[in-house]
> 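Below you'll find the structure I mean.
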Amino acid sequence: MRKNKLSNAIILVVLAVLFILTPLLYPNQSVPFQMMAFMTLAQGINLLYGFTGYLPFGYVGFFGSGAYGVSILVLLLHWSVIPAVIGGGLFAVVVALLLSPLLRLSGAYFSIGSLAASEIVYYVVSNPNMQNITQGPYGINLAGIYDPNTSYYAMLVILLIFTAVVMYVKNSTFGMSLLAIKEDPVSAAMAGINVVRRRVAIWLVSAFAAGLVGAVYGWYVSVFYPSSVFDLTISIFAIVFTLFGGGGTVLGPIVGTIVLYGLYNTIGVSSPQYFQLIYGLLIVVLVMFLPQGLTSLLKRRGINVP
Amino acid sequence: MQSRFRKGTLWAAAALSGSMFLAGCGTTTSAPASGPAKTKSPAAEISIGTLYASTGSFATSSMPEYQGLQFWINQVNAAGGTYVKAAGKKEKIRLVSYNDQSSAQTATSLYNQLITVNHVNMLVADFGSVLTSVAVPIAQEHKQLLFDQSGTGTTFFTPNNPYIVLTSLPTSALWPTSLANYLISQHYKNVAIVYCENDFDQSQDQTLTRLLAKAGITPTYNNAVPTSTSSYTVILHNMAATHPQAVIELGYPNNDISFMQALQASGSTFPTTFTIFPGQLPSLFEKNFGMKGLNNMFTYPAPPLFTVQGVNYGMSIAQFEQAFKKQTGSSPNFLNVAGYNTGLILQKTLATATSLSQKSMRQAVTGFSGSITTLDGKFQINNQGAQIGETLPVGQFTVSNGKLKVNFMS
């Protein structure tokens with residue numbers, strides 16, 4: 001237990017130091033900001049997929065709900081920024097609560113169901129009849145609260161909080177009960193675990209993570225359209241980063257995001273055709289030889305991966 | 001066991017740091033389209049930063065616009081540069097560009113990259129509202145004037161905003177003025193409209209219905225569809241059921257193509273059928289539907305389908321067509337014109353601004369606003385930076401002697 005605490009503390013400190021120092025050394029703040037955003041989203045996916053086996057293709061629905069949540073609270077209700085960001089996260093929790101019957105599905109059915117649900121949320125938000133609330137297709141302008149520096153550090157705080165949440169879940173009886181449910185829900189229920197309640201709980205926590213990230217993202221970019229914050233590639237990136245690093249671990253999503261998002265920034269922008277080729281090859285190799293992600297390389301050698 | 005555990009944690013921390021370094025370095029070394037990015041522009045040249053999308057949903061529009069801008073740069077550099085008033089001499093142009101792959105998230109990083117790492121002198125947005133939207137606050141934050149080529153989003157233009165200038169298109173709310181005038185002049189009473197749920201199309205629908213309402217015309221059908229709509233068959237039948245004299249479809253090129261496919265398949269005909277993009281991308285539509293498919297279709301014809309009269313700055317459309325074809329080997333379309341037109345606005349700004357600061361450049365643009373006419377039309381902005389000088393006429397395609405022609409209706 002003590003070893004775990006030490007390694008977890010090291011990870012949090014390294015993350016904090018890196019993301020505090022990066023803008024001082026490298027002037028384009030957007031790169032580390034987006035890396036933190038994807039890292040937190042990957043941790044949110046990790047909470048759900050890594051511990052319950054549910055893979056939400058429609059995870060971006062919570063991200064977009066958070067972005068629109070903060071917009072509504074600021075523009076319509078005139079909340080100040082920080083409460084609005086938290087409120088944005090809670091918007092996503094409300095959406096997740098409404099969608100919690102999806103947890104009755106499993107496997108591919110759940111993944112596709114969540115994807116369809118996120119599309120529903122997208123079309124509701126962008127509907128012209130919602131113009132008085134969400135501005136419909138006209139997009140959002142939060143220029144009045146635009147503050148890239150504060151929102152950068154807000155994203156760092158959220159990253160650290162949800163990395164700590166994953167650490168807690170991984171080492172707690174709650175996390176173990178989730179893993180038991182993942183392995184065999186019937187046996188877990190017979191052992192006295194409230195399967196439905198625990199699944200819903202982690203589903204809501206995961207949605208809260210995405211909602212907060214979406215809210216801070218909305219604050220950071222301040223001008224966006226429904227198609228920008230409900231973009232399916234956000235889900236895909238977060239899922240691939242998690243799977244690449246390794247679900248069910250603290251480090252997996254972090255390493256996956258840094259390696260793949262780094263690769264994306266290195267060659268994806270200048271030579272997208274090579275990037276897509278390399279990305280595709282990497283995923284094929286991963287699925288064939290490392291289905292548990294990069295961190296499984298360490299596990300195979302008997303090294304404990306936090 | 002303990003040493004293995006420590007080794008694992010240390011390995012992970014080292015990997016994290018190393019990868020982070022790699023990720024950070026990645027963007028620094030991302031090669032722009034025209035040579036590696038440099039952190040500072042040499043004094044003897046003007047650096048222009050822009051983004052383009054070679055893949056994704058905006059690629060078909062972004063690339064031609066980008067080619068138009070590149071064409072302008074090649075022309076300027078071949079002539080030994082452009083006059084820069086702030087330097088008191090001619091200087092060459094260096095283009096620093098990145099591929100945003102039609103992603104607003106990627107564009108956010110890259111606009112920042114252009115400003116904070118490449119330190120470009122002038123910032124030009126990518127095509128359309130979605131990819132321009134993220135640049136608006138970034139430009140404002142860094143006190144940089146954003147030359148917005150074709151992002152006509154209504155949220156960008158706020159009173160006395162000195163950080164944005166729309167160069168090559170009027171704001172979308174102005175587009176349907178000529179269409180409304182035409183419909184009113186035809187004394188149509190039954191008008192059916194379908195529009196996509198996006199800023200560009202809905203603002204047009206609002207303007208159109210407002211102008212029609214003033215003339216006592218209430219559309220018999222006026223519904224929105226998701227921008228991703230690819231089948232208009234049922235919608236078309238619903239519109240036909242209202243016996244419209246005019247059917248108006250407001251969408252992006254993909255929507256227009258889907259709509260026209262449904263129209264062809266259904267065999268329905270209406271006295272007036274209007275779609276936006278055949279007039280701007282005629283070769284794309286001719287490739288999909290042939291001349292016969294475009295015959296009698298109403299649209300907004302744009303240069304080079306029509307010639308702007310009284311051009312007093314830059315090439316005329318005939319000169320542009322000839323030079324563009326010579327340089328690129330292909331005939332230009334409207335988006336090529338839009339990109340070139342942006343270049344002309346940059347050129348005029350450089351020729352009149354007393355310094356390269358945002359304030360000075362914006363003052364210069366305001367100064368020549370309304371006084372220059374390019375091959376794209378009259379360049380005039382309001383105090384919000386929105387383009388109000390250009391107008392889009394309504395035209396109808398006809399086939400005559402085996403050639404596609406446009407009859408102008410307004």
Side-chain angles (χ1 to χ4, degrees), chain A residues 3 6-7 10-11 14-15 18 22 25-32 34-35 123 126-128 135-141 143 146 148 220-225 227-228 231 233-234 251 254-255 258-259 261-273 276 298 301-306, chain B residues 1-2 4-13 15-17 19-20 22-32 54-55 98-101 103-106 108-113 116-117 129-130 133-134 136-138 140-141 153-156 158 196-199 201-203 224 226-227:
Chain A
K3 284 184 288 183
L6 180 66
S7 63
I10 291 172
I11 290 169
V14 169
L15 279 177
L18 276 174
T22 307
L25 303 171
Y26 185 62
N28 186 353
Q29 195 188 51
S30 293
V31 172
Q34 300 213 26
M35 188 173 278
Y123 286 122
S126 63
N127 192 306
Q135 316 277 341
Y138 286 116
I140 295 291
N141 188 338
Y146 180 63
Y220 184 82
V221 297
S222 86
V223 180
F224 57 87
Y225 284 96
S227 58
S228 314
D231 185 350
T233 54
I234 294 171
L251 264 188
I254 296 172
V255 172
I258 291 175
V259 172
Y261 193 70
L263 197 64
Y264 178 77
N265 278 287
T266 310
I267 56 170
V269 173
S270 57
S271 313
Q273 65 277 27
Q276 281 156 8
L298 296 175
R301 297 181 64 190
I303 298 171
N304 181 31
V305 179
Chain B
M1 185 68 187
Q2 194 170 356
R4 278 202 155 190
F5 163 77
R6 277 188 187 158
K7 198 175 152 191
T9 306
L10 285 173
W11 183 92
L16 199 68
S17 312
S19 306
M20 187 77 192
L22 176 74
C25 290
T27 311
T28 318
T29 54
S30 287
S54 74
T55 56
Y98 293 107
N99 185 354
D100 59 36
Q101 301 171 65
S103 161
Q105 284 80 35
T106 305
T108 306
S109 299
L110 296 177
Y111 283 123
N112 253 318
Q113 181 85 359
T116 61
V117 177
S129 296
V130 171
S133 64
V134 290
V136 176
I138 295 171
Q140 189 159 351
E141 165 75 6
T154 47
T155 54
F156 307 163
T158 48
C196 289
E197 288 172 349
N198 60 60
D199 183 6
D201 294 310
Q202 195 187 343
S203 56
T227 309

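Throughout, protein chains are lettered first and strands after them, A, B, ... in sequence-line order, and every chain is numbered starting at 1. Below, all heavy atoms of this structure are taken into account, side chains as well, without hydrogens, waters or symmetry copies.
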> For the CD atom of Gln29(A) and the OG1 atom of Thr108(B), what is their distance to the nearest 0.5 Å?
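Interatomic distance, Gln29(A) CD to Thr108(B) OG1, rounded to 0.5 Å: 12.0 Å.
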> Checking the side chain of Gln34(A) only, and the main-chain atoms of Gln105(B) only, is there a donor and an acceptor separated by less than 3.5 Å?
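At least one qualifying donor-acceptor pair exists.
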> Report the distance from atom OG of Ser133(B) to atom CD1 of Ile140(A), rounding to the nearest 0.5 Å.
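Spacing of OG (Ser133(B)) from CD1 (Ile140(A)) equals 11.5 Å.
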> Is Val134(B) close to Tyr220(A) at the side-chain level, that is, under 4.5 Å between some pair of heavy atoms?
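No, their side chains stay 4.5 Å or more apart.
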> Please look at Leu25(A) and chain B and tell me whether the side chain, the backbone, both or neither of the residue comes under 4.5 angstrom of a heavy atom of that chain.
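Answer is neither: Leu25(A) stays 4.5 Å or more from chain B.
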> Let me know if Ser126(A) has heavy atoms under 4.5 Å from chain B in its side chain, its backbone, both or neither.
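Its backbone and side chain both get close to chain B.
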> Val117(B) and Pro27(A): which non-hydrogen atoms are nearest, and at how many Å?
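For Val117(B) versus Pro27(A), the nearest heavy atoms are CG2-CG, 3.8 Å.
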> With a 4.5 angstrom heavy-atom cut-off, is it the side chain or the backbone of Thr227(B) that approaches chain A, or both, or neither?
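Nothing of Thr227(B), per the 4.5 Å heavy-atom cut-off to chain A.
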> Supply the atom-to-atom distance Leu110(B) CG to Ser30(A) OG, rounded to the nearest 0.5 angstrom.
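Atom-to-atom, Leu110(B):CG and Ser30(A):OG are 9.0 Å apart.
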> Flag the one option from Phe224(A), Tyr225(A), Tyr123(A) with the top tally of heavy-atom pairs under 4.5 Å to chain B.
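If we count pairs closer than 4.5 Å to chain B, Tyr225(A) comes out on top.
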> Apply side-chain contact (heavy atoms from CB on, under 4.5 Å) to the pair Tyr264(A) and Thr106(B), showing each step before the final yes or no.
CA-CA 10 Å; Tyr264(A) 178 77; Thr106(B) 305; 2.4 Å; yes
> Without swapping roles, check the side chain of Asn28(A) against the backbone of Ser109(B) for a donor-acceptor pair under 3.5 Å.
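Judged by distance alone, yes, a pair lies under 3.5 Å.
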> Can you find a side-chain donor-acceptor pair between Tyr26(A) and Thr116(B) that sits under 3.5 Å?
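No, no side-chain donor-acceptor contact under 3.5 Å.
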> List the steps, then state whether side-chain contact (heavy atoms from CB on, under 4.5 Å) holds for Ser227(A) with Val130(B).
CA-CA 8 Å; Ser227(A) 58; Val130(B) 171; 3.8 Å; yes
> With side-chain contact (heavy atoms from CB on, under 4.5 Å) as the test, would you mind laying out the steps for Ser203(B) and Tyr138(A) before giving the verdict?
CA-CA 8 Å; Ser203(B) 56; Tyr138(A) 286 116; 3.7 Å; yes
